[in-house]
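Below is one structure; the comments refer to it alone.
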Amino acid sequence: MSSHVPLPRERHSKSKLFVALSSLGSKKKEHLKCITSHPFNYRCTTIAPNSLDIGQLMKAHMGCYYRATLKLSDLIDPAFIAAFVKNNTLLALSPGRIDTDDVFAIDGNGTLILNVCKDTYESLGIVGTQAKIPLERGSRFVIKIDLKAACMVPEKKYYQRIKAGFDAVLNEGIEFLIGFYDSETGGSLNFDVPGATQCLPTVEEHMVAEALVPQLSELLAAKDKAEEDWIERAQEVFEWVGLATLGSSLVVGTRADPEVCEYVVSEPYTRANLCVVSVNAAECGAFLCVWGHEDAPVSWTSSEHGYLTSGEHMYVEVFAPQSDRCAIFQACGPWDTHS
């Protein structure tokens, strides 16, 4: 069971927060869909009340990523597609600002995404679509190429047109961040490309003693998620998670100057020692927080993503002991078409 409540309703004028309840045993598996449909992440934080081994657990399952300089024509080479795209999961993201620069990515499902400015698009000669969230209408375009498609072989005209455009216009080497994973287990695989450098995520761990932790029973057991009290509670939990990941003293009950901040942990709550573990530049019963890369071309389910003022797109999943439900929070900025 799962249904979404958008907070607030304005789609492109304000940031958005979507909240869902998901049953862990449901066939829909919304809690897993939120994770697997959001490919480009740079930070993962787990907040575990009264748990001392969560850091070791995360380190034991931590993989690696790569930096590699590749041309776009390398990404459509049949040997490259056969080795890295067809049978496993490849993620790739180029540097650059998504609102102003040409940004390139492979989304983990075999789709090469080009989010480019008007001049680049017109020079390439490859058909795409006008971006939905540009600075001004017609200033940016999105090209999506299915690398697994039968037409992506040198004998086909479609392939030849793409390669000609890449060779003529986008022919410089680009340093990509690369994630290469086993499609079944999710474990990191060796990205065996000349010049590729393996990188390990950094891990930060700290304890917060005697923190005030919101009780989750009302949030997870709610039957009518449209009720004002439930929406308020959901927002309070989401705000608490943000403060906890920052290590704010407010979560232990410290009162700030009311002229600066009026936040207090709302009741009901319990006291617990928090173990807060963050893995940077990684994809990854507690609070799970994952931050999406601010200049990624897509967020959830290939929704078009822009930066505007923050490039925000992140999610939080909240679990409680002896409960088969979790609450899912998905937050994104005004320039994101996720809905």
Side-chain angles (χ1 to χ4, degrees), residues 37 39-40 68-180 191 193 292-308 311 335-338:
S37 66
F40 301 109
T69 300
L70 300 165
K71 296 181 179 180
L72 289 185
S73 57
D74 295 331
L75 304 182
I76 63 170
D77 185 279
F80 183 91
I81 294 173
F84 302 111
V85 178
K86 284 197 171 180
N87 298 315
N88 286 296
T89 300
L90 180 72
L91 292 168
L93 182 64
S94 72
R97 289 296 188 185
I98 188 63
D99 292 345
T100 56
D101 300 330
D102 293 335
V103 175
F104 316 107
I106 297 177
D107 69 352
N109 294 313
T111 301
L112 173 60
I113 303 169
L114 289 72
N115 192 306
V116 298
C117 66
K118 182 179 179 181
D119 289 345
T120 301
Y121 179 74
E122 292 179 344
S123 300
L124 274 174
I126 305 171
V127 177
T129 58
Q130 185 172 285
K132 297 177 182 177
I133 44 176
L135 285 168
E136 58 183 85
R137 189 171 178 82
S139 64
R140 295 193 67 80
F141 292 83
V142 178
I143 300 169
K144 293 187 177 182
I145 301 169
D146 183 358
L147 299 177
K148 298 181 181 180
C151 59
M152 287 301 294
V153 292
E155 296 77 21
K156 299 292 185 178
K157 289 184 178 180
Y158 178 68
Y159 179 95
Q160 294 169 5
R161 188 183 310 120
I162 292 171
K163 189 172 188 309
F166 288 173
D167 289 343
V169 180
L170 299 172
N171 51 21
E172 299 292 330
I174 302 164
E175 185 182 65
F176 284 92
L177 290 175
I178 302 282
F180 185 42
F191 186 65
V193 168
H293 197 291
E294 60 192 19
D295 289 302
V298 294
S299 59
W300 291 274
T301 58
S302 298
S303 299
E304 189 176 315
H305 173 75
Y307 184 89
L308 189 58
W335 279 14
D336 194 301
T337 61
H338 176 65

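- Here the NE2-CG distance, from His305 to Asn115, works out to 10.0 Å after rounding to the nearest 0.5 Å.
- The two atoms that bring Ser299 and Pro39 nearest to each other are O-CD, 3.6 Å, heavy atoms only.
- Among residue pairs with one or both ends in residues 70-95, those qualifying as ring-ring contact (aromatic ring centres under 6.0 Å, His included) are Phe80-Phe84, Phe84-Phe180, Phe84-Phe191; sequence neighbours excluded.
- Identified under the side chain to side chain donor-acceptor pair (under 3.5 Å) test for residues 72-87, with sequence neighbours left out: none.
- Residues Val85 and Lys148 come closest through the heavy atom pair O-CE, 3.3 Å.
- At least one side-chain heavy atom of Ile113 sits under 4.5 Å from a side-chain heavy atom of Thr111.
- For the pair Tyr307/Ile98, a side-chain contact is recorded, criterion being any heavy-atom separation below 4.5 Å from C-beta on.
- Residues satisfying the side chain to side chain contact (heavy atoms under 4.5 Å, CB included) test with Ala164, not counting sequence neighbours, are none.
- Residues passing the side chain to side chain contact (heavy atoms under 4.5 Å, CB included) test with Ser94 are Val103, Phe104, Ile174, Phe176, sequence neighbours excluded.
- Between the OG1 atom of Thr120 and the CG atom of Asp102 there is a distance of 3.5 Å, given to the nearest 0.5 Å.
- If you take CD on Gln130 and NZ on Lys118, they are separated by 9.5 Å, rounding to the nearest 0.5 Å.
- For Asp107, there are no side-chain hydrogen bond (donor to acceptor under 3.5 Å, both in side chains) partners at least two apart in sequence or on another chain.
- Atom CG of Leu147 and atom CG of Leu112 lie 5.5 Å apart (nearest 0.5 Å).
- Remark: of the listed residues Ile126, Asn171, Leu75, Ile126 is the sole one forming a side-chain contact (heavy atoms from CB on, under 4.5 Å) with Phe166.
- Pairing each heavy atom of Leu124 with each of Gly165, the nearest pair is CD2-O, 3.5 Å.
- With a 4.5 Å cut-off on side-chain heavy atoms, Asp99 and Arg97 do not count as touching.
- Distance check, rounded to the nearest 0.5 Å: CG of Leu91 to CG of Leu177 gives 10.5 Å.
- Under the 4.5 Å side-chain criterion, counting only non-hydrogen atoms from C-beta, Asp295 is not in contact with Pro95.
- To the nearest 0.5 Å, atom CD of residue Gln160 and atom SG of residue Cys151 are 11.5 Å apart.
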Note to self: Go through it in stages, so that I can follow the logic: the residues are Ile162 and Met152, the test is side chain to side chain contact (heavy atoms under 4.5 Å, CB included), and I'd like the CA-CA distance, side-chain angles, deciding distance and then a yes or no.
What the structure shows: CA-CA 9 Å; Ile162 292 171; Met152 287 301 294; 4.0 Å; yes

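- When every heavy atom of Ala105 is checked against every heavy atom of Phe40, the shortest pair comes out as CB-CZ, 3.6 Å.
- Checking side-chain atoms of Ser123 against main-chain N and O of Asp119 turns up a donor-acceptor pair under 3.5 Å.
- Counting only residues at least two apart or on different chains, the salt bridge (Lys or Arg N to Asp or Glu O under 4.0 Å) pairs with a member in residues 156-179 are Arg67-Glu175, Lys163-Asp167.
- Contact of the Leu114 side chain with the Leu170 side chain is registered, since non-hydrogen atoms from C-beta on lie closer than 4.5 Å.
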Item checked: Verdict with reasoning, Tyr121 to Val116, per side chain to side chain contact (heavy atoms under 4.5 Å, CB included) -> CA-CA 6 Å; Tyr121 179 74; Val116 298; 3.9 Å; yes

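- Among all heavy-atom pairs drawn from Asp336 and Ser303, the shortest one is OD1-CB, 4.1 Å.
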